[in-house]
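Input: a single structure, listed below in structure tokens.
Read the numbers this way: they start at 1 and go in the same order the structure lists the ligands and their atoms. Any value given below was found using the heavy atoms of this structure, including those in side chains, with hydrogens, waters and symmetry copies removed. These numbers come from a predicted model, not from an experiment.
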Amino acid sequence: MNTTFFKHFFTILLIFVFNVSIFAQKVTISRVEPPSWWTGMKNPNLQLLVYGDGISSAKPVIDYQGVDISGTSIPENPNYIFIDLVIDPEARPGTFPILFKVGRKTVAEVTYELKARRPGSANRKGFDQSDVIYLLFPDRFANGNEGNDSGNETLEKADRSNPNGRHGGDIKGVADHLDYISDMGFTAVWFNPLLENNMPAYSYHGYAITDFYKVDPRMGTNEDYRLLVGSMHQKGLKVIMDMIFNHCGSNHYWINDLPSQDWIHQFPEFTRSNFRGGSVFDPYASDTDRERFQKGWFDTSMPDLNQNNEFLLNYLIQNSIWWIEYAGLDGIRMDTYPYPYPEAMAEWAKRVLKEYPDFSMVGEVWLSNPSQVAAWQAGDKMQTGLESNLPYVFDFPMYDAFRYAFSEQQGWSTGIIRMYDILTQDYLYAKPLDIVTFADNHDGDRLYSKLGEDPDRFKLAMAFLMTTRGVPQVYYGTEVLMTGLEHNGHGDIRKDFPGGWTGDSINAFTREGLNSDQVKAVKFMERLLNWRKNKAVIHTGKLKHFIPVDGLYVYFRYDDNDKVMVVLNTSDKTIKFDPEYYGEMVDGYTYGKNILAGKTFFLTKLNIPAHTPMVLELR
Ligand code: CA
């Protein structure tokens, strides 16, 4: 044989062996997200994010009937690969390997699961005007498991003495008190975020997510959450999950190894948002201001995500759908809704509603004027050019008015007239009933403090909230007159619910230790909410109101079958109620039953005492 042939043969062989030894090294895959999916979704497409050292040099291979790889994309960072799958409607639930190959060698392998959907999953019904939402801070409601308060892997350890620390509240704590929530008459719960926030400090609020697919271990496990939602459904409670597309926590794995430089908004030096959401639709806005609003960071610990990156947007949308399907959600509350790009958020709502047409989402559009809020609701009645597809918005203008309407002196433009004025602008909304109304939440002064800790004004405010239009939301503890002022720090408005911790001297769940005002308030709420729960005319009826005079505000909820008259004397003096003035609504009725006091009132000239609400079922 020819020696030259042998020389070449060995050289080729050596090159081959050498190459394989370099490229065939095992690759560790640390993430595949979403971690699972379902068969039979309306959208057959699924994009997997796979993260592992140099993973992009390998080729993914799937051999499973009904699942095909339609393409792969590699971003700037070779440690990521995006795999586009098409899942045939006939694909069966099951697990299968995804092989990552270099040449013929498999350098990595992961097992992927396609689950069967829950029966009726696509037809789930979201929240609506028949609901009253209880907003609950998971770290601050009840500590059901003291064993999970701190963990080896959690950077911040529990410290109940620190108002801004972790206090140990968890999923078990909520599960233990579902009867309290449903007996009060609430029908839905919005949880402040409970996904992993593995940040070194101030992590209890949950808005700096470090893993979009994992419940924080201090709250419990994903399975605990899924089971909690199931238990809540059995008690007639809907579940609304808090989601955040605008930012993540700086300890998220992306941040130390960005998929691409445009994954987040970056500046030469730290740049905060100007928090001026009005700039988005401002016809005179400078590019600088609008960009600063959308691209600036919320905080140094919260990098601002760029939803204009199509892979990131797809990741976030799939994450929403994953939690709806996995946990069995009824609604989503979207944090900082105007801060991401409007087109991206419109795409999110469109895709979620395509999968779940009757699902409900509410956006936190924290702006002061009805025109600014209305612009973000589906229907585009404001003709901004944006169709957001977003079914619900929060009524922040009404929230602002709760600070004054029931506590300041009644005047031409002060007091209850503020509420009237807000409602007169409902022509701005495409769907004025699809608004979540609230008197307080986790970001501002507690209602009872705003009302000067006056129990009568509290009753007026709550009677109004529960009978005017919209979906009312109550902040946990408001029902037992919890106090707190934002200027004392957020810890003051997010205090522990009394009775949620072993050894608490006051237990609001059993009412042990509550003072008489608190007991009266909680009984008032219980009666009002349970009445509202079955009162269809409050859910779907029309609203007609009369201009408040001297602080007396009278309005009606009515339909073809039923009529409720609400009389609120918000003033400091007794006012005479004259039924003749309200004749267009009360003619033909002789009396009303006041559901707040259980008494019957004949519709004659009545004296309404100061600071008194009446909710009358007309007969
Ligand atoms: Ca705990």
Side-chain angles (χ1 to χ4, degrees), residues 134-182 184 186 189-232 235 237 239-242 244 249 251 301 323 326-327 329 442 475-477 480 482 484 489-510 512-513:
Y134 194 54
L135 164 59
L136 177 161
F137 227 106
D139 183 63
R140 302 293 167 89
F141 187 64
N143 189 357
N145 176 5
E146 292 174 6
N148 66 8
D149 292 359
S150 304
N152 290 334
E153 289 176 9
T154 54
L155 296 175
E156 186 181 8
K157 311 300 178 193
D159 178 6
R160 205 179 163 205
S161 67
N162 175 2
N164 297 320
R166 285 266 179 183
H167 289 191
D170 48 34
I171 287 171
K172 177 76 164 52
V174 179
D176 289 346
H177 297 292
L178 293 183
D179 283 339
Y180 170 79
I181 298 169
S182 69
M184 281 298 301
F186 296 108
V189 177
W190 155 25
F191 293 87
N192 290 108
L194 32 69
L195 297 187
E196 185 194 88
N197 269 239
N198 202 6
M199 301 292 289
Y202 202 60
S203 69
Y204 77 95
H205 60 69
Y207 288 96
I209 291 175
T210 54
D211 189 335
F212 284 95
Y213 282 101
K214 187 183 173 194
V215 166
D216 194 288
R218 288 160 289 200
M219 295 290 154
T221 63
N222 285 8
E223 182 68 0
D224 292 336
Y225 181 50
R226 196 178 68 81
L227 293 172
L228 174 69
V229 176
S231 309
M232 292 178 70
K235 297 221 177 271
L237 294 168
V239 179
I240 302 166
M241 186 165 175
D242 208 324
I244 308 129
N251 276 355
S301 61
W323 281 110
Y326 172 81
L329 303 176
H442 59 290
Y475 187 38
Y476 80 100
V480 289
M482 279 174 71
H490 275 162
D492 199 49
I493 55 176
R494 301 167 183 175
K495 288 195 281 261
D496 298 341
F497 190 81
W501 277 253
T502 304
D504 281 359
S505 57
I506 296 171
N507 188 339
F509 295 116
T510 62
E512 284 170 84

Worksheet item: Considering only N, O or S atoms, which atom of Asp170 is nearest to the Ca ion (ligand 1)?
Response: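 It is OD2, the N, O or S atom of Asp170 closest to the Ca ion (ligand 1).
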Practice prompt. Please name the atom of Asp149, restricted to N, O or S, that is closest to the Ca ion (ligand 1).
Written response: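 Looking only at N, O and S atoms of Asp149, the one nearest the Ca ion (ligand 1) is named OD1.
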Item to complete: Please confirm if an N, O or S atom belonging to Gly168, backbone or side chain, lies less than 3.0 Å from the Ca ion (ligand 1).
Response: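 Here the distance criterion (N, O or S atom, under 3.0 Å) is met by Gly168, so yes.
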Fill in: Under 3.0 Å: N/O/S of Asn145 next to the Ca ion (ligand 1)
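Asn145 does place an N, O or S atom closer than 3.0 Å to the Ca ion (ligand 1).
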Salt-bridge criterion met for [X] and [Y] (N-O under 4.0 Å):
{"X": "Arg166", "Y": "Asp216", "answer": "yes"}
{"X": "Arg218", "Y": "Asp149", "answer": "no"}
{"X": "Lys214", "Y": "Asp224", "answer": "no"}

Worksheet item: Does a donor on one side chain and an acceptor on the other come within less than 3.5 Å for Arg140 and Tyr476?
Response: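 Judged by distance alone, the side chains do not pair up.
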